[in-house]
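Keep in mind that this is a model prediction, so the values were computed, not measured. Side chains are part of it too, since the values below use all heavy atoms of this structure and drop only hydrogens, waters and symmetry mates. In what follows, chains carry the letters A, B, and so on, assigned in the order in which the sequence lines appear, proteins first and then strands, with residues in each chain numbered from 1.
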Amino acid sequence: MNFALEKRISEAARTAIEELYGGEVKAEMVQLQETRAEFEGQLTLVVFPFLKMSRKRPEDTAQEIGERLLEKIPDVVSRFNVIKGFLNLSINPQQWIGLLEQIWQDPTFGFVPVTETSPLVMIEYSSPNTNKPLHLGHVRNNLLGWALAQVMQANGNRVVKTNIVNDRGIHICKSMLAWLKWGQGETPETSGKKGDHLIGDYYVAFDKHYREEVKNLVEQGMDEETAKQEAPLIKEAHEMLVKWEKNDPEVRALWRKMNEWVYAGFDETYKALGVSFDKIYYESETYLEGKEKVEEGLQKGLFYRREDGSVWADLRPEGLDEKLLLRADGTSVYMTQDIGTAKLRFQDYPIDKMIYVVGNEQNYHFQVLSILLDKLGFKWGKDLVHFSYGMVELPNGKMKSREGTVVDADDLIATMVADARQMSADKVNKLENITENEAQEIARVVGMGALKYFILKVDARKNMLFNPEESIDFNGNTGPFIQYTYARIRSILRKADEQGIVPQKLTTCELSDKEISLVQHLQGFAAAVRQAGQDYNPSCIANYCYELVKEYNQFYHDFSVLREEDEAKRAFRLALSAAVSQVVRNGMGLLGIEVPERM
RNA sequence: GGUUCGGUAGCUCAGUUGGAUUAGAGCAGCAGCCUUCUAAGCUGCGGGUCAAGGGUUCGAGCCCCUUCCGAAUCACCA
């Protein structure tokens, strides 16, 4: 990473101001920003903070500082002008050329290296239930989790990606029961369905029959609450859950078989999404672990037991409510399980920071979990990060699996890839010499790029709208727009290579405003990565890539690279293009978006 | 009702630790630009009381207070 240029100017400005007006200038008082396009210069020093020291008008203060900077660093500042309280500095082109050269020569520009002593960050994401296939909400979770993991790594953290699979509970029993009743031995092989979809269908079937039973009971005069508990199907499902907990061999065997089907289905979806995990935890293996911790807390007096035998934490001193940790029958609840999972994770890894990628409907849960883990002595408990993201909404409201208004992940992926394929087929300028396999691979990269960018460019914590009627765009502020620019640059670089004009180093030449601006933007990648990490906000990277690429396309339109006759300029533009393509590839890589060589 | 998070163009969204008389993109609409490195591109036009009001200061979409609107949550579901 290199901010040498701005650092030098800032330092020079500090000493200049101290010499001129006396007193101490703190580093944060020196605000150096990009000069607005309508004014001459590239960097602007804001002088308002120094008016109290100078006791002069803004214009005069800026003038004096500007003159002093010219004397101090003439190799950097070649000219300046003053507009109100803004000191606009024109920087010697050689500085920009040097800066570009550094970025161009550094394949990991913007990234902080990871070493064995780097902090260890564990990121939990995905965390599906095994009773239905993944939908658009899960897609957002998975893409955010993956991108966040990449961003944290780029900021110099050792990252462990983890997934806690919710593989037990009443919901699985519902699918199992429905399959036993109406499945007639159907399997993914015999039905041709993906395993997760097959199980999901039986979950829906259960719900359909269950609701009929409830309806009938209500018509017979039972009140709805009782009917929901007394319906034969739900009672049967509960019996199955009890058998499962008692390790009934038949139930367990069925459970294993059906979960395996689901996992095979999930693996396909994960693969298509390009996400993976370093360590997968299964709730069936962790759900008992929390009890021990709760008992421990009970003995330490952190929690208390009620007359009925249930265990509670009183969080009213923290401004929250009382929270149940163990039921009267001794079984664990969600919170207990998360405590248990935390315990296992801490045994497995020396975690410095834990990040949970979970939807914002669970904000309260994680507020409580943080307090409980802290009380129980987990050093990272207090500072655990709940990366809380908003819901994906459809034009007529939320996605509800029961109402069949979910957008299925596999369907969506297939549609995006097919649309991308159609898009390139419709294009006037078609790629030549392209095989069927290549075309399909490009469609996959572009279609997934469109989907991923569409989701990741939005600030994670906001609810976002997805309209299935209007398919995701391929023009404008989209993944394909960025990928297209990359492919254009790669095309230029291939041709430069064929012509044997790939530069080794750069020499001094005149630069246009657009070229300088591009170098400045390139430099900004490091700041974007840093900010994305600090704020846990991958959308920073998406927006950064868009701005960079938009600027490059303007340059591409107005300037020629290969036909430039001045050798020094041509070399600069080739290096500039190469640096842009590299930063775009790295930036999109952080988002889990691939870039195609051609499209 | 309590807590948390949102409210920026017709629609979807940006807007870095407060900075420049004119708050930006994209989509949708209209008008231009391909014998020239990939037109999935580029250029232009129209479109806004940044929810409302007050405050802090050289300066507020951003910070503070109040109000209005929306979402989530406050379960012996996960």
**Message:** Only Watson-Crick and G-U wobble pairs with both distances less than 3.5 Å should count. Give RNA chain B in dot-bracket notation, marking inter-strand partners with |.
**Reply:** (((((((..((((.....[....)))).(((((.......))))).....(((((..]....))))))))))))....
**Item:** d(OH, A:Y389; P, B:G6) in whole Å
**Value:** 17 Å
**Message:** What is the separation between atom NZ on A:K457 and atom P on B:G15, rounded to the nearest whole Å?
**Reply:** 12 Å
**Message:** Students often get this wrong, so: under 4.0 angstrom with heavy atoms, is A:Q31 touching a base, only sugar-phosphate, or nothing?
**Reply:** base
**Message:** Aromatic contact between A:F481 and A:Y484, with the criterion being ring centroids under 6.0 Å apart: yes or no?
**Reply:** no
**Message:** Rounded to whole Å, how long is the line connecting atom OH of A:Y453 with atom P of B:G26?
**Reply:** 12 Å
**Prompt:** Looking only at atom C1', what distance separates B:U21 and B:G29, rounded to whole Å?
**Reply:** 30 Å
**Message:** Can a side-chain donor-acceptor contact be found between A:S175 and A:N131 if the only test is distance below 3.5 angstrom?
**Reply:** no
**Asked** P atom, B:A40 versus B:A23: distance in rounded Å?
**Response** 33 Å
**Request:** Output yes when at least one side-chain N/O atom of A:R530 is less than 4.0 Å from OP1 or OP2 of B:U17, else no.
**Result:** no
**Prompt:** So, is B:C63 syn or anti if syn means the angle is within 90° of 0?
**Reply:** anti
**Asked** So, is the end of the A:R488 side chain (NZ or CZ) under 6.0 Å from the ring centre of A:Y556 and within 45° of the ring's axis?
**Response** yes
**Prompt:** Separation of A:F525 atom CZ from B:U16 atom C1', in whole Å?
**Reply:** 16 Å
**Prompt:** How far does the C1' atom of B:G44 sit from the matching atom of B:G61, given to the nearest Å?
**Reply:** 27 Å
**Request:** Among A:F366, A:Y364, A:Y536, find the residue that satisfies the ring-ring contact (aromatic ring centres under 6.0 Å, His included) test when tested with A:H386.
**Result:** A:F366
**Message:** At less than 4.0 Å, is any side-chain N or O atom of A:K462 found next to OP1 or OP2 of B:G7? Yes or no.
**Reply:** yes
**Sugar-phosphate only, base, or nothing, as touched by A:D308 at under 4.0 Å among non-hydrogen atoms** = base
**Message:** How many whole angstroms separate atom CD1 of A:I472 from atom C1' of B:C13?
**Reply:** 14 Å
**Message:** Can you tell me which nucleotide in B:U8, B:A78, B:A71 comes closest to the side chain of A:N463?
**Reply:** B:A71
**Prompt:** What residues form a side chain to side chain donor-acceptor pair (under 3.5 Å) with A:Q554, not counting sequence neighbours?
**Reply:** A:K514
**Message:** Counting only side-chain heavy atoms from C-beta out, which of B:A20, B:C74, B:U8 sits nearest to A:T35?
**Reply:** B:A20
**Message:** Can you tell me if A:R36 touches the phosphate of B:A20, counting only side-chain N or O atoms and a distance under 4.0 Å to OP1 or OP2?
**Reply:** yes
**Request:** Please indicate yes or no: is the ring centre of A:Y546 less than 5.5 Å from the centre of the six-membered base ring of B:A25, with the two planes inclined by under 30 degrees?
**Result:** no
**A:Y21 and A:F50 aromatic centres sub-6.0 Å** = no
**Item:** Cation-pi geometry met for A:R306 and A:W312 (6.0 Å, 45°)
**Value:** yes
**Asked** What distance, rounded to whole Å, do you find between the two C1' atoms, one in B:A9 and one in B:G26?
**Response** 12 Å
**Message:** Please tell me whether A:H365 and A:Y334 form a close aromatic pair, meaning their ring centres lie under 6.0 Å apart.
**Reply:** yes
Between N or O atoms, less than 3.5 Å apart, protein on one side and nucleotides 36-42 of chain B on the other: list the pairs.
{"from": "B:U36", "atom 1": "O2'", "to": "A:R563", "atom 2": "NH1", "distance (Å)": "2.5"}
{"from": "B:U36", "atom 1": "O2'", "to": "A:R563", "atom 2": "NH2", "distance (Å)": "3.2"}
{"from": "B:U36", "atom 1": "O2", "to": "A:R563", "atom 2": "NH2", "distance (Å)": "3.4"}
{"from": "B:C37", "atom 1": "O3'", "to": "A:K495", "atom 2": "NZ", "distance (Å)": "3.2"}
{"from": "B:C37", "atom 1": "O2", "to": "A:V561", "atom 2": "N", "distance (Å)": "3.4"}
{"from": "B:C37", "atom 1": "O2", "to": "A:L562", "atom 2": "N", "distance (Å)": "3.1"}
{"from": "B:C37", "atom 1": "N3", "to": "A:V561", "atom 2": "N", "distance (Å)": "3.1"}
{"from": "B:C37", "atom 1": "N4", "to": "A:Y556", "atom 2": "O", "distance (Å)": "2.6"}
{"from": "B:C37", "atom 1": "N4", "to": "A:F559", "atom 2": "O", "distance (Å)": "2.2"}
{"from": "B:U38", "atom 1": "OP1", "to": "A:S491", "atom 2": "OG", "distance (Å)": "2.6"}
{"from": "B:U38", "atom 1": "OP2", "to": "A:S491", "atom 2": "OG", "distance (Å)": "3.2"}
{"from": "B:U38", "atom 1": "OP2", "to": "A:K495", "atom 2": "NZ", "distance (Å)": "2.9"}
{"from": "B:U38", "atom 1": "O2'", "to": "A:Y484", "atom 2": "OH", "distance (Å)": "2.4"}
{"from": "B:U38", "atom 1": "O2'", "to": "A:R488", "atom 2": "NE", "distance (Å)": "2.9"}
{"from": "B:U38", "atom 1": "O2", "to": "A:M599", "atom 2": "O", "distance (Å)": "3.4"}
{"from": "B:U38", "atom 1": "N3", "to": "A:M599", "atom 2": "O", "distance (Å)": "3.0"}
{"from": "B:U38", "atom 1": "O4", "to": "A:M599", "atom 2": "N", "distance (Å)": "3.2"}
{"from": "B:A39", "atom 1": "OP2", "to": "A:R488", "atom 2": "NH2", "distance (Å)": "2.7"}
{"from": "B:A40", "atom 1": "OP1", "to": "A:Y484", "atom 2": "OH", "distance (Å)": "3.1"}
{"from": "B:A40", "atom 1": "O4'", "to": "A:N475", "atom 2": "OD1", "distance (Å)": "3.3"}
{"from": "B:A40", "atom 1": "O3'", "to": "A:N475", "atom 2": "OD1", "distance (Å)": "3.2"}
{"from": "B:A40", "atom 1": "N7", "to": "A:K427", "atom 2": "NZ", "distance (Å)": "3.1"}
{"from": "B:G41", "atom 1": "OP1", "to": "A:G476", "atom 2": "N", "distance (Å)": "3.1"}
{"from": "B:G41", "atom 1": "OP2", "to": "A:N475", "atom 2": "OD1", "distance (Å)": "3.4"}
{"from": "B:G41", "atom 1": "O2'", "to": "A:R488", "atom 2": "NH1", "distance (Å)": "3.0"}
{"from": "B:G41", "atom 1": "O2'", "to": "A:R488", "atom 2": "NH2", "distance (Å)": "3.4"}
{"from": "B:C42", "atom 1": "O2'", "to": "A:H557", "atom 2": "ND1", "distance (Å)": "3.0"}

**Message:** At 4.0 Å (heavy atoms only), tell me whether A:E361 reaches a base, stays on the sugar-phosphate, or touches nothing.
**Reply:** sugar-phosphate
**Request:** Write down the distance between CD (A:E124) and C1' (B:A78), rounded to a whole number of angstrom.
**Result:** 12 Å
**Complete:** A:Y364 has its side chain closest, among B:G7, B:U16, B:U73, to B:U73
**Message:** Under 4.0 Å between a side-chain nitrogen and a carboxylate oxygen: does that hold for A:R461 and A:D459?
**Reply:** yes
**Prompt:** A:R316 has an atom CZ; how far is it from atom P of B:G2, in whole Å?
**Reply:** 19 Å
**Request:** Taking atom C1' in both B:A75 and B:U12, compute the distance separating them and give it to the nearest angstrom.
**Result:** 36 Å
**Item:** Residue mapping more 5' on RNA chain B - nearest nucleotide basis, A:T44 or A:K52
**Value:** A:T44
**Request:** From the options B:A72, B:G6, B:A20, select the nucleotide whose nearest atom is closest to the side chain of A:F86.
**Result:** B:A20
**Request:** Starting at atom CG of A:N363, determine the distance to atom P of B:G6, rounded to an integer number of angstrom.
**Result:** 11 Å
**Request:** Would you please indicate yes or no on a ring centroid separation below 6.0 angstrom for A:F387 and A:Y125?
**Result:** no
**Message:** Under a 3.5 Å cutoff, is there a donor and acceptor pairing between the side chains of A:N141 and A:Y389?
**Reply:** yes
**Asked** Looking across every strand, which nucleic acid part, if any, lies under 4.0 Å from A:N467 by heavy atom: base, sugar-phosphate, or nothing?
**Response** nothing
**Message:** Using a heavy-atom cut-off of 4.0 Å across all strands, would you classify A:N88 as base, sugar-phosphate, or nothing?
**Reply:** base
**Request:** Please determine, for the side chain of A:V458, which listed nucleotide (B:U21, B:A78, B:C13) has the closest atom?
**Result:** B:C13
**Prompt:** Is the backbone N or O of A:S54 less than 3.5 Å from a side-chain atom of A:T61, with the two atoms forming a donor-acceptor pair by type?
**Reply:** no
**Message:** Work out how far the P atom of B:G32 is from that of B:C13, and round it to whole angstrom.
**Reply:** 32 Å
**Request:** Answer with base, sugar-phosphate or nothing: what part of the nucleic acid does A:E547 contact at a heavy-atom distance below 4.0 Å?
**Result:** nothing
**Message:** Counting the atoms with a prime plus P, OP1 and OP2 as sugar-phosphate, which does A:Q33 contact under 4.0 Å by heavy atoms, base, sugar-phosphate, or nothing?
**Reply:** base
